[in-house]
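The next block holds one structure in the form of structure tokens; read it before the comments.
Convention: sequence-line order gives letters A, B, ...; per-chain numbering from 1.
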Amino acid sequence: MSNITNTIEGEEATRRDFLHIAAAGGAGVGAVMAAWPFIDQMNPAADTLALASVEVDLSAIGEGEAVIVKWRGKPIFIRHRTQAEIEEANAVDVAALPDQQSDADRIKSGHEKWLVVTGICTHLGCVPLGSKSGDEKGEFGGWFCPCHGSHYDTSGRIRKGPAPLNLAVPEYAFLSDTTIKIG
Amino acid sequence: MAKWQTIKPENKALAWVEERLPVLALVSNVVGPDTPTPRNLNYFWNFGSLAGLMLVVQLISGIVLAMHYTPDTSLAFDSVERIMRDVNYGWLIRYMHANGASFFFIAVYIHILRGLYYGSYKAPREVLWMLGLVIFLLMMATAFMGYVLPWGQMSFWGATVITNLFSAVPVVGEDIVTLLWGGFSVDNPTLKRFFSLHYLLPFVITGVVILHIWAKKVSDSGNPLGVEVQSSADQIPFHPFYTIKDAFGVGVFFFVFAAFIFYDPNAMGHPDNYIPADPLVTPDSIVPEWYFLPFYAILRSITFDIGIPFTDIVIIPAKLLGVIAMFAAIIILFFLPWLDTSKVRSTRFRPTYRYFFWFLVADMVLLTIVGGKKPEGIWPLLGLIGTAYYFAHFLVIMPLLGKIEKTLPLPESIAKACAPKAQAAE
């Protein structure tokens, strides 16, 4: 077999070398292209994506009440804030917060009474208490996470405890004064 | 058996691993430069590696389909439709799997016919041949159960008909069928166990494939001349010669495979299987997948009882006889090494047997056609003739012809017949 190896391993690049590299390269590109469908099938399917946005009717939520709706498998807190709660959220010194954000950045202007946040504690993913009447709302009147004791205020901002960030505000828009579309 | 070569890689880390677990040597000795292989293998020897590759295609696409499929009678059909419509590339992966089964059988049938033509079942390769038949039987079971999973009309009625075969077993037949079903008809328990077994069996097949390749390593590849290897002049290393030849074969085979997947993915399927299973309505005609048709034809061809002549005593009823004939059609292949009495392996040197080989192929084609037709008119008679000839080939023609046939002179060696120059250099 040695004479065969010698022809392949000549000193200069030969037509045979070129053919080897071209064939191996072509096969490699083909393999990667063939692999892609098998990877992409794990991404969300069309029917999963079709359910990626939900519309919520706000008219049934009374002042001071909150509801939890499910969006993309996650809880979304929608809170109809009282005037006192809005003022409380605005009165905070933003510079003193762990995650600096003003209340205005977390709501849609003109709809100050509506707070829409993702109900997942930014610490380790538990669902904080505070949406139901009778729930523990924490020291700042917003939400309280029972897992490791994070306190959120009436703007959903982290005020005390191990969570690093404010409750996330999902992508949403007002379709009318009483209807929002999340996602 | 060819000598086992060890490998000492120059890289120290590799050498350290190789000393403790010689995987490089394993590859090199089975499909590598240390695997001396007859120099005269023709393209029919490509179909072993193609069958192995199709097993891999079926495993990968099947594992992916199982991520999206639901084995429940109320959800199975819809979950398959969801794969077709919603899952990213789901249509592609399912068509790969469905057509992959057909192409797996195409590769295996050509592989088996190659073995029949060139006498690959003869000593010392009997166990190699029988392991191949075990793989074939496991494939049939796997393919049958896989076809049930989409829970369409053909799935349901195919499952009903095939499981009912076991009711032909005397005394305990009905009990066996109830046991297979997990109920009193093909239903949810049946679907769930079929799914479980359909996932399991491919790994059993993989295990037997490893034994099959091991047996090949022990007895070495056969070759078109059927003359055993005598010196290294008869051989070339598996790598690069046959790895490249196999790779070229893969290119051609996948070209045809892809043509079916992309241009006519349902050509080998049955439209009735896109109708959800209905236990109250049997489709106009129940047809198995094409690769089962010859055996289905044999099953249906037996419509007479065997009894004591001139009395009404039935020893074997027609239903049981049909089932026995169908299973015997495959079991008989296990005895081929002894049924073939010829001392010459390759049909190339058996001028008379060559005709009978092609008669057998024509008979299988006939049975395939009969299996796809409704059993009326001329077809049942043709099926019976075809079945009779199939068994006559193995039980009468092969044993007798081997004794009386005047064979052609065999070449002295592979090298002498195929590469006189290499012989001279030796």
Side-chain angles (χ1 to χ4, degrees), chain A residues 1-56 69-76 125 170-171 181-183, chain B residues 5 28 32-37 39 53 56-69 78-97 100 232-233 235-241 243-244 246-248 250-251 254-255 257-258 261-262 421-422 425:
Chain A
M1 311 321 138
S2 56
N3 56 338
I4 291 148
T5 331
N6 284 346
T7 13
I8 295 168
E9 290 172 359
E11 282 167 24
E12 281 176 39
T14 61
R15 287 160 64 90
R16 185 178 282 247
D17 291 335
F18 173 77
L19 281 173
H20 279 161
I21 292 165
V29 171
V32 170
M33 284 172 68
W36 175 243
F38 291 92
I39 297 163
D40 192 38
Q41 54 87 17
M42 291 207 270
N43 275 320
D47 60 333
T48 310
L49 294 175
L51 298 175
S53 64
V54 292
E55 286 182 23
V56 185
V69 296
K70 201 168 145 192
W71 174 67
R72 293 185 182 170
K74 296 182 282 197
I76 299 294
E171 183 191 329
K181 182 185 174 194
I182 309 174
Chain B
Q5 308 286 341
S28 181
D34 290 320
T35 314
T37 310
R39 66 188 310 144
L53 186 69
V56 173
V57 167
Q58 292 304 85
L59 278 168
I60 293 174
S61 56
I63 286 168
V64 164
L65 289 173
M67 292 180 190
H68 303 284
Y69 171 76
D78 290 344
S79 73
V80 173
E81 286 309 303
R82 180 177 171 273
I83 290 170
M84 296 302 289
R85 293 157 196 236
D86 291 340
V87 174
N88 301 324
Y89 294 105
W91 59 273
L92 176 63
I93 294 163
R94 175 163 174 266
Y95 280 151
M96 266 185 201
H97 198 71
S232 60
Q235 295 170 311
I236 46 176
F238 194 94
H239 179 77
F241 295 99
T243 42
I244 293 298
D246 279 347
F248 176 69
V250 168
F254 270 17
F255 189 83
F257 183 33
I261 294 173
F262 290 105
K421 277 183 192 167

- Query: If you measure from CG on L65(B) to CD on Q41(A), what distance do you get to the nearest 0.5 Å?
  - Reply: 8.5 Å

Less than 3.5 Å apart, which donor and acceptor atoms pair up between the side chains of residues 22-34 of chain A and the rest of the protein, not counting sequence neighbours?
none

- Query: Is it true that a side-chain atom of N88(B) and a backbone atom of P37(A) form a donor plus acceptor pair closer than 3.5 Å?
  - Reply: no

- Message: Checking the side chain of D86(B) only, and the main-chain atoms of A45(A) only, is there a donor and an acceptor separated by less than 3.5 Å?
- Response: no

- Task: For atom CD of E81(B), decide whether the heavy atoms of other residues, nucleotides or ligands shown that lie under 6.0 angstrom number more than 12.
- Result: yes

- Item | Interatomic distance, I63(B) atom CD1 to F38(A) atom CZ [nearest 0.5 angstrom] | 10.5 Å

